Visitor: 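Sending over a structure as structure tokens; questions will come in a sec.
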Amino acid sequence: MMSNDAAVHDAVESASPAASSDPEHILAALAGSHSLLARHLAAALAELDMQPTALPQRLLDTIRSGLLCPDSTVGIYAIDAACYGEYAPLFNPVIQDCHRIDVSERWRADTDVAKLALPAVIPGVRSSRVRCARNLQGFPFGPAISAVQRKVLEATIVRALRSLSGTPFAATYYSLETMPRTRYRALVRAHWLSEPNDRYLLSAGFYRDYPAGRGIYLSAHGGFAVLVNDEDALRIIAMQPDGRLGEVAERLFALEHLLSERLDFARDEHLGYLTSCPSNLGTAMRASVHLRLPRFPIDQLKDTAHSLGLQVRGQYGEHDPPDPARPYDFSNRQRLGATEVDLINQLYRGIRRLYDLHGALPSDGPG
Ligand code: ADP
Ligand code: MG
């Protein structure tokens, strides 16, 4: 990991359009990029009345990954809760494009599992996972937090996690600083942890001081975990290797609820839970299932999944290309503008439809 990381790091450091704070240079560097940043930056700068001046450092930090990685889909990360308001002329159109919603609508959560319309076990599903992202009021987000603040944030979260000892969510916190490499790798293989090799996160500054201040609160029997100071301050996860998605969602909601009583989560009445990536706002929840559909032609599968409100990833997540020979990861594409239970119901309806369509394909079909 180290040498590869260093190589990615050097590449990001040497490509430095962000070294210029001149808006003209920045807009020129984005010519040809299809990111949401590239689409909306010029109009946002005009609206922010920043046209002729050098851009402030806070805005440069927000758009850094989109400048360094022109192939980004979104291209901006929030550096703290305040920047969503401060740079609303940039964030709002990006959020509207990501979630296809009107940001002036009020956000509403609903985690009432009685409203889940799913079978106890979903046919064909090999693994179910629901995660939500949370940040804490008063702390900068991953791209901007200092090493000292990150340690304070870790201690704050770990204190809340340790106070779960009398609940069904008692577990152990492992610091990544002291975790043996073999154990770390096993947790990556088991899908609980991810290697710090995402170049979008890297270029935004998420991996500074890695692994200091990071860790995982992991249940001995499996079933749930909380990642601390990952892409967000908390990534709360429930997962199990079967098709019991409703059970997994219920566990996630219960754990999130207990933590919400102990920690002050950053949120907004329109944007919901505030996350570092605008694509995660709102519920900040991604419910996903692993399902093999080997006979589906991949392009047709992606289009059909998209029209059903789903996203297709590979078995190892976001940057693993979907491969028909392995299970796909299907999840809710939208996170803001619908409630938690609605998104899970939509996921179920979508994969049920894909499963049925796949079942009707000839067994000697493509793939
Ligand atoms: P996110 O950031 O939304 O949590 P990623 O795509 O970055 O998701 O994936 C994080 C990890 O979670 C990866 O190892 C991925 O394979 C794993 N994962 C996601 N969904 C499932 C699932 N249903 N079963 C097992 N592992 C999963
Ligand atoms: Mg991820």
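Just so you know, ligand 1 is whichever comes first in the structure, and atom 1 is the first atom listed for that ligand. Below, all heavy atoms of this structure are taken into account, side chains as well, without hydrogens, waters or symmetry copies. Predicted model, so just to flag it, every value in this text is computed and none were measured.
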Visitor: Thinking salt bridges, do Lys151 and Glu177 make one under a 4.0 Å N-O criterion?
Guide: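 Yes, this pair counts.
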
Visitor: Tell me which part of His191 gets within contact of ligand 1: side chain, backbone, both or neither, using heavy atoms under 4.0 Å.
Guide: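 Both backbone and side chain.
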
Visitor: Check whether any heavy atom of Arg235 sits under 4.0 Å from an atom of ligand 1.
Guide: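 Within the 4.0 Å threshold, so yes.
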
Visitor: Identify the closest protein heavy atom to atom 8 (O) of ligand 1: which residue and atom is it, and at what distance?
Guide: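 Of every protein heavy atom, Arg286 NH2, 3.0 Å lies nearest to atom 8 (O) of ligand 1.
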
Visitor: At under 4.0 Å between heavy atoms, which part of Glu318 makes contact with ligand 1: side chain, backbone, both or neither?
Guide: both

Visitor: Shortest non-hydrogen contact from Ser165 to Ala170?
Guide: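 Nearest pair, atom of Ser165 first, then Ala170: O-CB, 3.5 Å.
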
Visitor: With distance as the sole test, does Arg131 use its side chain to make a donor-acceptor pair with the main-chain N or O of Ala284 at under 3.5 Å?
Guide: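 Indeed, once roles are kept as given, a pair shorter than 3.5 Å links the two residues.
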
Visitor: Can a salt bridge be assigned to the pair Asp232 and Arg235 using a cut-off of 4.0 Å between side-chain N and carboxylate O?
Guide: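 Salt bridge between Asp232 and Arg235, a charged N being under 4.0 Å from a carboxylate O: yes.
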
Visitor: If Ile, Leu, Val, Met, Phe, Trp and Tyr residues are connected whenever their side-chain heavy atoms lie under 4.5 Å apart, and connections chain through other members, are Tyr316 and Tyr200 in the same group?
Guide: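 In one cluster: no.
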
Visitor: Report, in ascending order of atom number, the atoms of ligand 1 lying under 4.0 Å from any heavy atom of Val289.
Guide: 23 (N)

Visitor: Got the closest protein heavy atom to atom 18 (N) of ligand 1, with its distance?
Guide: Arg129 CD, 3.5 Å

Visitor: Just to confirm my output: which protein heavy-atom neighbour is closest to atom 23 (N) of ligand 1, and how far is it?
Guide: Ser288 O, 3.1 Å

Visitor: Heavy-atom pairs closer than 4.0 Å: do any link ligand 1 to the side chain of Arg313, the backbone, both, or neither?
Guide: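 The side chain, only.
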
Visitor: Atom CD1 in Ile237, atom CG in Leu218: separation rounded to 0.5 Å?
Guide: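 Rounded to the nearest 0.5 Å, the CD1-CG separation comes to 9.5 Å.
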
